[in-house]
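In this text, all values refer to a predicted model and were calculated from it rather than measured experimentally.
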Amino acid sequence: MKRYLPFAVVGSLLVSPVWAQSTPPAGAPSAAPKPLAVPAAPKGTGRLAGTILDATTKKPVEFATVALLPAIGTTPIDGTVCDDKGRFVLKGRAAGTYRVQISFVGYVTRTETATITEGATDMGTLQLTGATQKLGEVTVTGERDVIETKPDRIVYNAEKDITNAGGTAADVLRKVPLVSVDPDGNVELRGTSNVRVLINNKPSGIVASSVADAMKQIPADQIKSVEVITSPSAKYDAEGTGGIINIILKKNNLQGTNGSVGAAAGTRSSNGNASLNYRKGKIGLTSSASGFAYYSPNRNDLNRYLNNGDGTERLVLEQRGEGNSLGGGGFGRLGFDYDPAQYHSLTLGVQGSMFRNSGDNELFNRSMPTLISATEFTRDSERKFRTQSYDVSGSYTRTFEQKRREWSVLAQHTRNRNNQDYRLDQYAGEGTGAREAINYREQSLNLSRNLETTLQTDYTHPVSETATLEAGAKAIMRRVSSDYTVQTDPTGQSSLAYNVARSDKFRYDQDVLSAYGSYGFSLSKKLTSKVGARVEQTRIDGSFQQGTDKGVTQEYTNVLPNVSLSFQPGNPKKPGQSLRAAYSRRIQRPQIFYLNPFINATDSLNISYGNPQLQPELTDSYELNYTTFIKGSVLNISAYTRRTGNAIETFRFVEQVKVPGREPRLVQNQTFRNIGRNATYGMSVFGSVKPLPKWDVSGTLNVYYVSLKSPSLGLSNSGVMYSLNTNSSYKFEKGLSLQFSGGLNSRRVQLQGNQAAWTFYSMGLRKNLLKDKADLTLNADNFLSATRNLNSTINTDQFRQEANNYIYLRGVRLAFNYRFGKVSTQPQRRRKGIQNDDAKQGESGQGQQ
């Protein structure tokens, strides 16, 4: 199969004087450069061959140009281009002495003398050295599209989308095909929140407790691309229903010293970031750091109606709240890689983050437990959330002279620590005049930790030219704890006292041992297959400090198969379309977000907590995928089905709580249980087209039907849902470009209710400055309205509840970025990374840390 020409940095001195270097249209299969016409030359029986390699990486230089010149003179008499293994052959040449000129964009042209005999002559291995140029002098050709489709994934090239400048990872994910992000920052893939988010192919402590909070910490300017993998193979951890979202951060692999600095200021958030990279020969160093701050007001209201049992209902609770939150933090990375010998590679990396958030909220409650009397009170609360995490990882990769053969050993240690504290004052009535008469006080501290150590080894062996065997083993050791205390003052006029019933320390150990094997092979020139299986053994031991009767112990082993079949109906060497079918079985274990028993009672009438007794989910996934390239346009259509048993679902119920000296109150409890059976049947369509040479348009439509059932509770809900997002950009003259992105998400069906639809959109205008070494970008987000109402409705046998959550999303920001340094275009080796994608993660940091 021919591959796309590499994206290269081109200088005027590097363009081959003999052979045309052509770049295929965006989204179309590439073709090797075609030689220009050459004068006739004497024929013979001689044959000249050789192999062209990169001088640093020792990898083949695909499609390098080889020109055969006479011993004296510059007019070529023959020529060819290398194949995807760097090999070239010139046939039918007369015996004699010639000069061989080798060139390719991004490399220094090399000329060698060769003597051709009447038989075969092999020049052996010839190496090309990368060419060095200043950033201000380079021209980039063959730019990637914003959206790319590959055989097993869809790639969103975030660095090509100017509307991301100055934003966060949450802003980036909203534009990724098949992904939706609600105004709270919760992430879904094809309608399910059971998604594993990786950073540079690895798990990270940043997302250990909350994906939504993590996405606020990573600046968009440091994201290179986002990969969406809906049908992972056995090589990946057996993460379950939705698939994998892999965020690739920028890493400069070019020779020399280079970097960038940037800053953005806006009405909702501001940030600054910088990167510095150094690479010389076998050694490379990469580093980056960023800081950010954001401000967000909020407003909400809630009405709860209790079922009377005779088909009627009555209002039992009214709530109105408003407040604001202020947050900020930093994110940093440092990486080192070293290639001590031709087939050996070492890497070491560390990254860390810090996040701080605080908020004030005033919540007015009118509780009506009976038809005769009502209770009114207001709670002023102050909430603080602090988290810090780091990841340390290292790898050794051994490649071989035999192509595609590789062995790697990897290790990683991740630590996440967060504190969630709140304190509140409660007083009767509404308004500031009553605040002096505090009748209840409460304070809570919750410290949670998540330590994770991973050891992994992988081996790939080519059985033949068309068959490859992969095998590996992995061990993940997690140590999770939550230490929570609550202090209360029932009168509001005395000192706070330790509340034994609501305080405890929870410890949760989870060890996962796994092994996998997969075999990829060709059934014919057009039909290929890959089959595999993963075996995972899980051991769980959890306990509370106060007594052992509430502990949890589990041990189970799962065999998780998968198979895929790919068909290319056209010419396999120049594919224009492909068809792929895949099946996989996955498992998802609950993370600390779902397990933490800490009760968040900031709102005493709506409390939330985790469930340590949760068991894992098992999901069967089926997918049929079709991709075609039509004159530079891309069309991808997928049909899919997911069936999940023992599903973890949010469960809400009300119970009557006795309050000393007061009337009992109806309190809503929100927790999680293994009570559901989920089935999803859907279809997604992605398209990318260029109506004009400077105009790109792409979009995704995902429509699916979901059925949720809980036989144990007699609950069910179902409905059709959809999501749509689009991206369009136009490049004007003189370095000016305009981009628009937007999306629409339908209402979300839940087991006990639904959530309202929401929309988003943004526009960006960029101007390149200082000979393209800098750019200035102006972005506007959701500028037609200040807020979005994330309305939700809950329906149970006990009660019906309607809630409005008004989230401030209008924003304008101005971003500036400057790049500096000297680089060369030598490509670097592919680096290995750990991927822990087996655990079900939390959606937001609201009360479940």
Side-chain angles (χ1 to χ4, degrees), residues 184-185 204-218 291-296 298 323-332 351-361 379-391 413-425 441-452 478-489 496-500 502-509 542 544-546 591-604 607-610 612 841-849:
D184 271 335
S204 174
I206 299 171
V207 297
S209 58
S210 165
V211 174
D213 287 337
M215 295 304 99
K216 300 174 185 176
Q217 302 177 49
I218 304 175
F292 68 97
Y294 72 91
Y295 168 77
S296 178
N298 59 79
N324 62 78
S325 60
L326 179 66
F331 176 76
Q351 66 181 24
S353 70
M354 179 180 65
F355 179 59
R356 300 289 185 267
N357 176 278
S358 62
D360 300 317
N361 186 262
R379 280 193 165 192
D380 286 338
S381 62
E382 178 183 356
R383 175 184 52 82
K384 293 183 179 180
F385 175 67
R386 304 177 301 281
T387 182
Q388 48 272 341
S389 64
Y390 68 80
D391 310 327
H413 180 70
T414 295
R415 177 185 183 274
N416 175 272
R417 169 192 171 102
N418 62 67
N419 290 270
Q420 179 177 299
D421 309 335
Y422 70 81
R423 59 181 303 154
L424 59 88
D425 297 329
R441 293 192 304 147
E442 181 174 305
Q443 178 175 297
S444 175
L445 307 174
N446 176 29
L447 170 63
S448 63
R449 299 181 180 89
N450 185 44
L451 299 177
E452 189 172 291
R478 296 187 175 102
R479 301 295 179 260
V480 178
S481 66
S482 175
D483 188 354
Y484 51 96
T485 62
V486 176
Q487 296 175 298
T488 59
D489 173 12
L496 291 166
Y498 182 80
N499 190 316
V500 177
R502 295 176 57 189
S503 304
D504 210 333
K505 185 173 183 179
F506 174 59
R507 177 189 61 82
Y508 185 86
D509 297 342
F544 291 85
Q545 188 177 58
Q546 299 180 20
Q591 248 311 356
I592 184 62
F593 173 84
Y594 293 90
L595 300 167
N596 194 347
F598 166 68
I599 299 175
N600 186 334
T602 309
D603 178 357
S604 61
I607 63 175
S608 59
Y609 49 90
Q841 301 174 87
E843 299 173 4
S844 71
Q846 303 287 329
Q848 296 294 337
Q849 302 306 330

* Closest non-hydrogen atom pair between P597 and F544, with its separation -> CG-CE2, 3.4 Å

* Asked: Where is the tightest heavy-atom contact between D603 and R379, given as atom of each residue plus distance?
  -> C-NH1, 4.2 Å

* Look up atom NE2 in H413 and atom CZ in R415, then write down how far apart they are to the nearest 0.5 Å. => 8.0 Å

* For residues F598 and S444, report the shortest heavy-atom separation together with the two atoms involved. => CE1-OG, 3.2 Å

* Asked: So, does D504 use its side chain to make a donor-acceptor pair with the main chain of Y484 at under 3.5 Å?
  -> no

* Spatial distance of atom CG (D380) from atom CG (L424) [nearest 0.5 Å] -> 9.0 Å

* Starting at OG of S353, measure out to CD of Q388 and round the result to the nearest 0.5 Å. => 8.5 Å

* Asked: So, for P612 and G610, which heavy atoms are closest and what is the spacing to 0.1 Å?
  -> CD-O, 4.0 Å

* To do: Go through the side-chain N and O atoms of N446 and Q420 and say whether any donor and acceptor fall under 3.5 Å apart.
  => no

* Asked: Taking atom CG of N419 and atom OG of S448, what is their separation to the nearest 0.5 Å?
  -> 7.5 Å

* To do: For N361, enumerate each residue passing the side chain to side chain donor-acceptor pair (under 3.5 Å) test, keeping only those at least two apart in sequence or located in another chain.
  => none

* Asked: Minimum heavy-atom separation for S325 to N357, with atom names?
  -> CB-ND2, 4.2 Å

* **Check against side-chain contact (heavy atoms from CB on, under 4.5 Å), M354 and R356** => CA-CA 7 Å; M354 179 180 65; R356 300 289 185 267; 3.4 Å; yes

* Asked: Can you list the residues that meet the salt bridge (Lys or Arg N to Asp or Glu O under 4.0 Å) rule with R386, with sequence neighbours excluded?
  -> D421

* Hey, can you tell me if F506 and Y508 have their rings parallel, tilted or perpendicular (30° and 60° cut-offs)? => tilted

* To do: For R423, look at atom CZ and say whether over 12 heavy atoms of other residues, nucleotides or ligands are found less than 6.0 Å away.
  => no

* From OG (S358) to NZ (K384), nearest 0.5 Å -> 7.0 Å

* To do: Can you measure from CG (L447) to OG (S482) and round to the nearest 0.5 angstrom?
  => 7.5 Å

* To do: Compare every heavy atom of R502 with every heavy atom of V486, then report the nearest pair and how far apart it is.
  => CG2-O, 3.5 Å

* Asked: Using 30° and 60° as the class limits, which term best fits the ring planes of F355 and F385: parallel, tilted or perpendicular?
  -> perpendicular

* Please lay out, stage by stage, how N416 and T414 fare under the test side-chain contact (heavy atoms from CB on, under 4.5 Å). => CA-CA 7 Å; N416 175 272; T414 295; 5.5 Å; no

